[in-house]
Engineer: 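I am attaching a structure below and will ask some questions about it afterwards.
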Amino acid sequence: MDESNEQRAQRIHKLDALKAMGVQPYGTRFETTHRVERLLAAHGATAKDDLEQRAIDCRIAGRIVALRRFGKAAFASLQDGAHRLQVYLKKDVLGDDAFRLSQELDLGDWIGVDGRLFRTKTDELTVEVRALTFLSKGLRPLPEKWHGLTDIETRYRQRYVDLIANPNVHAVFETRSRLISGIRNYLTEHGFLEVETPMMQPIPGGATARPFATHHNALNANLYLRVAPELYLKRLIVGGFQRVFEINRNFRNEGISTIHNPEFTMLEFYQAYADYRDLMALTEDLFGTLARDLLGAGTLEYQGDVIDLTPPWRRLPYFEAVVEYNALDRNVLEDRAAATAAARRLGLDVPEDASLVGILNLMFEETVEHRLTQPTFITDYPTEISPLSRRKDTDPRLTDRFELFIAGRELANGFSELNDPLDQRQRFETQAAQREAGDEEAHYFDEDFLRALEYGMPPTAGEGIGIDRLVMLFTNQASIRDVILFPQLRPEKPL
RNA sequence: GGGUCGUUAGCUCAGCUGGUAGAGCAGCUGACUCUUAAUCAGCGGGCCACAGGUUCGAUCCCUGUACGACCCA
């Protein structure tokens, strides 16, 4: 970008003008009495006469985002977080020196004001400023006041400008933070202990995904950024922690899309002595609690759909879903040739060497997932694609597992954990064979994890919830980049 | 990885089968003590993403590159 544009040069000149007035353009401590949000909440509806009688003084600070000058007075909008409050700068109230300072103000400057609340004759809540403190000079012009900043690339690369120009963006990230706090509170209140496990792992495990590789010089060891914390959290269950959770970043070396960022935030939690059904109930309750606390409702609108979070949510076995959503004959579940024919009739490209489960999984992903708008637990996933899940007692080809879909997207994945070390060893062997055959997403063989299981892991259920996608749902955002402050982009050309 | 579209002033955008660029906001100067997209008068501001090609002449047509968005894998 142009570093020497006209407006920037003019503002650098203004630094001298400020100094000439004895004003430090980059100030220091300023104690406020109120946040603008609080003032608006408290007095947004207080009547004009009432305000005058109560003579409410305040001291607030913020960035000037609008400025309307008259000869000997001016109105400015001060932005504090996602909220704005108008201030009135009037010569005969401010005094000559402060008014002269006010005439040097630019859009984008930070100021602090002392004054009294009143309502203008157009009934807008406003602070009549008695003392003006210059806090910090902005050297770059702000985006346009009416359209704001819309260029998507600039919004992501210079999120600071996006946050200034688009208060709704600020609000999205406040909601994100509150949602994560809400999850922490909920789990802590339910006896879960927050823990931290390695993000740099010698063997990346816990998910089918390609890892980022790195190297530790002093140890001369290859390490991977984790794709999931799962295997470490289960080691903690082996060690005797009954309920643990971790909220932090996972890294997957895969494509970027509206629902994928290379680093993303995951909640995983593990509960000893519970099964996957308990976790479905917990998930319903957790989402309901978050919706009530953050949205004040049991339903939310997402991209034109009304999503009803009222429990219980539908539970639909995986194979049943494939049959139901495509109105297929049940023989496709047993007969590979029939499944292939059905998939091809649906327009799917079936590889010659695909297994029956592979074909059914293809149908599930292509024809079912995106249609699961209302919250739905798909249960009983095939063992073949669930290498860490406990087998069903009634059918060892299936597992005690679910995935939660809302608005056509996977939001959570949970299961009763496989705690049989010998079965787990076999599953790893199968994965290792797939890896040998060229599947870069297949699980790595983790001998230490098996050793841990051999010490005995109590019956346990565990779940992962994609926090970014959950935030998308709660803030009605279509792209994951709009709920991640600094989404991954190709590096910018040097400035 | 493939396809489609985009990149013009600080921001938001125009720009005619190709003749060296416009608006609004923002900025600067002046007027104005209740405005809120303030108003009025005047004035500046451009490597038209980058590199080639075609042409007397390219913001415009062609090729490539970079970055981004969306769709597909």
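Just so we're on the same page: letters track the sequence lines, and every chain starts at 1.
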Engineer: Please pick, from B:rC34, B:rC25, B:rG68, the nucleotide with the shortest atom-to-atom distance to any side-chain atom of A:Glu144.
Structural biologist: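 Closest nucleotide among those given: B:rC25.
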Engineer: Expressed in whole Å, how much space separates the P atoms belonging to B:rC43 and B:rC5?
Structural biologist: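 So the two P atoms sit 42 Å from each other.
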Engineer: Pick base, sugar-phosphate or nothing for A:Arg69, based on heavy-atom distances below 4.0 Å to the nucleic acid.
Structural biologist: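 Result for A:Arg69 = base.
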Engineer: Is any side-chain N or O of A:Glu6 under 3.5 Å from a base N or O of B:rG44, one able to act as donor and the other as acceptor?
Structural biologist: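 Between B:rG44 and A:Glu6, which were checked side chain against base, a qualifying N/O pair under 3.5 Å is present.
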Engineer: What nucleic acid atoms does A:Phe118 come within less than 4.0 Å of, heavy atoms only: base, sugar-phosphate, or nothing?
Structural biologist: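 Base contact - A:Phe118 has a heavy atom under 4.0 Å of at least one base atom.
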Engineer: Quick check: any donor-acceptor pair below 3.5 Å linking the side-chain of A:Gln7 to the base of B:rA26?
Structural biologist: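 Side chain to base: pair present.
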Engineer: Indicate whether OP1 or OP2 belonging to B:rG27 is found under 4.0 Å from a side-chain N or O atom of A:Arg11.
Structural biologist: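 So the side-chain polar atoms of A:Arg11 never come under 4.0 Å of the phosphate oxygens OP1 or OP2 of B:rG27.
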Engineer: Would you classify A:Arg481 as touching base, sugar-phosphate or nothing, given that sugar-phosphate means primed atoms plus P, OP1 and OP2, and contacts are heavy atoms under 4.0 Å?
Structural biologist: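 Sugar-phosphate contact only.
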Engineer: Closest approach to the side chain of A:Ser479, judged atom by atom: which nucleotide of B:rC28, B:rC70, B:rC34 is it?
Structural biologist: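 Side chain of A:Ser479 sits closest to B:rC70.
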Engineer: Is any N or O donor-acceptor pair between the side chain of A:Gln86 and the base of B:rU35 shorter than 3.5 Å?
Structural biologist: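 Donor-acceptor pair under 3.5 Å: yes.
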Engineer: Taking the C1' atom of each, how far is B:rC11 from B:rG18, in whole Å?
Structural biologist: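 My reading of the C1' atoms in B:rC11 and B:rG18 gives 29 Å.
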Engineer: Would you indicate what A:Gly255 reaches in the nucleic acid, counting non-hydrogen atoms under 4.0 angstrom: base, sugar-phosphate, or nothing?
Structural biologist: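 Nothing: the residue A:Gly255, judged by heavy atoms under 4.0 Å, touches no strand.
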Engineer: Distance only, no hydrogens: is a donor on one side chain within 3.5 Å (strictly under) of an acceptor on the other, for A:Gln10 and A:His13?
Structural biologist: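 Side-chain D/A pair, A:Gln10 to A:His13: absent.
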Engineer: In whole Å, what separates the C1' atom of B:rA37 from that of B:rA26?
Structural biologist: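 It comes out at 12 Å once rounded to the nearest Å.
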Engineer: Should A:Phe70 be counted as stacked on B:rU33, where stacking needs a ring-centre gap under 5.5 Å and an angle between planes under 30 degrees?
Structural biologist: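 It does not: the ring fails the test against the base of B:rU33.
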Engineer: Students often get this wrong, so: under 4.0 angstrom with heavy atoms, is A:Leu107 touching a base, only sugar-phosphate, or nothing?
Structural biologist: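 Contact class for A:Leu107: sugar-phosphate only.
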Engineer: Rounding to an integer number of Å, can you tell me how far A:Arg157 CZ sits from B:rA49 P?
Structural biologist: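 My rounded result for the distance is 17 Å.
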Engineer: Run through RNA chain B and report every stem of 3 or more consecutive Watson-Crick or G-U pairs, distances under 3.5 Å, ordered by first number.
Structural biologist: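 Only these stems qualify: B:1-7 with B:66-72, B:10-13 with B:22-25, B:27-31 with B:39-43, B:49-53 with B:61-65.
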Engineer: Please give, in whole Å, the distance from B:rG27 P to A:His13 NE2?
Structural biologist: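 From A:His13 NE2 to B:rG27 P: 17 Å.
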Engineer: Is it true that a side-chain atom of A:Asn261 and a backbone atom of A:Glu263 form a donor plus acceptor pair closer than 3.5 Å?
Structural biologist: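 Checking the backbone N and O of A:Glu263 against the side chain of A:Asn261, a donor-acceptor pair under 3.5 Å is found.
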Engineer: Is a side-chain donor or acceptor of A:Asp109 paired with a backbone partner of A:Asp106 at a separation under 3.5 angstrom?
Structural biologist: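 Pair found, side chain donor or acceptor close to backbone of A:Asp106.
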Engineer: At under 4.0 Å between heavy atoms, what does A:Thr150 touch on the DNA or RNA strands: base, sugar-phosphate, or nothing?
Structural biologist: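 Sugar-phosphate contact only - A:Thr150 comes under 4.0 Å of backbone atoms but never of a base.
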Engineer: Could you tell me how far B:rG52 sits from B:rU59 if I compare only their P atoms? Round to whole Å.
Structural biologist: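 Between the two P atoms, the distance is 13 Å.
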Engineer: What about A:Trp110 and A:Phe134, are their ring centers closer than 6.0 Å?
Structural biologist: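 No, the ring of A:Trp110 stays outside the 6.0 Å limit from the ring of A:Phe134, centre to centre.
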Engineer: Atom NZ of A:Lys72 and atom P of B:rC34: how far apart are they, to the nearest Å?
Structural biologist: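 Distance, rounded to whole Å: 11 Å.
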Engineer: For A:Ala228, is there any backbone N or O sitting under 3.5 Å from a side-chain donor or acceptor partner on A:Glu230?
Structural biologist: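 Such a contact is absent between A:Glu230 side chain and A:Ala228 backbone.
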Engineer: Between B:rC34, B:rC28, B:rA26, which one does the side chain of A:Pro141 approach most closely?
Structural biologist: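 Comparing B:rC34, B:rC28, B:rA26 against the side chain of A:Pro141, the answer is B:rA26.
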Engineer: Going by atom types alone, do A:Arg226 and A:Gln201 pair a side-chain donor with an acceptor below 3.5 Å?
Structural biologist: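 Per modelled atom types, A:Arg226 and A:Gln201 side chains form no pair under 3.5 Å.
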Engineer: Say we look at B:rG27 and B:rC16: how far apart would their C1' atoms be, to the nearest angstrom?
Structural biologist: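 Roughly 31 Å separates the two C1' atoms.
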Engineer: In whole Å, what is the span from the CZ atom of A:Arg155 to the P atom of B:rU12?
Structural biologist: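 Taking CZ of A:Arg155 and P of B:rU12, I get 11 Å after rounding.
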Engineer: Could you tell me how far apart A:Gln10 (CD) and B:rG45 (C1') are, to the nearest whole angstrom?
Structural biologist: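 For the pair A:Gln10 CD and B:rG45 C1', the rounded distance is 9 Å.
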Engineer: Which residue, A:Ala66 or A:Thr120, contacts RNA chain B at a nucleotide closer to its 5' end, judged by nearest heavy atom?
Structural biologist: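 Counting from the 5' end, the first nearest nucleotide belongs to A:Thr120.
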Engineer: A:Thr258 near the nucleic acid: base, sugar-phosphate alone, or nothing, with a heavy-atom cut-off under 4.0 Å?
Structural biologist: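 Answer is sugar-phosphate: A:Thr258 comes under 4.0 Å of backbone atoms only.
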Engineer: Rounded to the nearest angstrom, tell me the gap between atom CD1 in A:Ile256 and atom P in B:rA73.
Structural biologist: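 It works out to 18 Å between those atoms.
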Engineer: Could you please name the option among B:rU12, B:rC28, B:rC34 that lies closest to any side-chain atom of A:Tyr88?
Structural biologist: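 Side chain of A:Tyr88 sits closest to B:rC34.
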Engineer: Using a 3.5 Å distance criterion without hydrogens, assess whether the side chain of A:Asn5 forms a donor-acceptor pair with backbone atoms of A:Gln7.
Structural biologist: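 Yes; at least one donor-acceptor contact below 3.5 Å.
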Engineer: Does B:rG10 have its OP1 or OP2 closer than 4.0 Å to a side-chain nitrogen or oxygen of A:Arg140?
Structural biologist: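 Looking at the OP1 and OP2 atoms of B:rG10, neither is under 4.0 Å from any side-chain N or O of A:Arg140.
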Engineer: Could you state the atom-to-atom distance from CD of A:Glu254 to C1' of B:rG1 in whole Å?
Structural biologist: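 Atom-to-atom, A:Glu254 to B:rG1, this comes out as 15 Å.
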Engineer: In whole angstroms, how far is the C1' atom of B:rU35 from the CD1 atom of A:Ile64?
Structural biologist: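 About 15 Å, once rounded to whole Å.
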Engineer: Determine the Euclidean distance between corresponding C1' atoms of B:rG15 and B:rA69; express it in Å to zero decimal places.
Structural biologist: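 One C1' to the other, the span is 23 Å.
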Engineer: Mind telling me whether B:rU20 is syn or anti, cutoff 90° either side of 0?
Structural biologist: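 Classified syn.
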Engineer: Which whole number of Å gives the distance between the C1' atom of B:rU54 and that of B:rC61?
Structural biologist: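 My reading of the C1' atoms in B:rU54 and B:rC61 gives 8 Å.
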Engineer: Side chain of A:Arg68, heavy atoms from C-beta onward: which of B:rA26, B:rU35, B:rU33 has the nearest atom to it?
Structural biologist: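 Side chain of A:Arg68 sits closest to B:rU35.
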Engineer: I want to check one thing: is the phosphate of B:rU35, taken as OP1 and OP2, less than 4.0 Å away from some side-chain N or O of A:Lys90?
Structural biologist: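 Checking A:Lys90 against B:rU35: no side-chain N or O falls below 4.0 Å of OP1 or OP2.
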Engineer: Expressed in whole Å, how much space separates the C1' atoms belonging to B:rC60 and B:rG24?
Structural biologist: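 Straight-line distance between the two C1' atoms is 24 Å.
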Engineer: Distance-only, no hydrogens or angles: does the A:Gln103 side chain make a donor-acceptor pair with backbone N or O of A:Ala98 under 3.5 Å?
Structural biologist: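 It does not hold such a pair.
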Engineer: Would you call the rings of A:Phe212 and A:Phe251 parallel, tilted or perpendicular, where under 30° means parallel and over 60° means perpendicular?
Structural biologist: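 Ring orientation of A:Phe212 relative to A:Phe251: perpendicular.
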Engineer: Report which part of the nucleic acid A:Asp92 touches: base, sugar-phosphate, or nothing (heavy-atom distance under 4.0 Å, all strands).
Structural biologist: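 Base, at least one base atom sits under 4.0 Å.
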Engineer: Do A:Phe405 and A:Phe364 have ring centres separated by under 6.0 Å?
Structural biologist: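 Yes.
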Engineer: Testing A:Ile111, A:Asp97, A:Val87 for side chain to side chain contact (heavy atoms under 4.5 Å, CB included) with A:Leu132, which one passes?
Structural biologist: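 Result for side chain to side chain contact (heavy atoms under 4.5 Å, CB included) with A:Leu132: A:Ile111.
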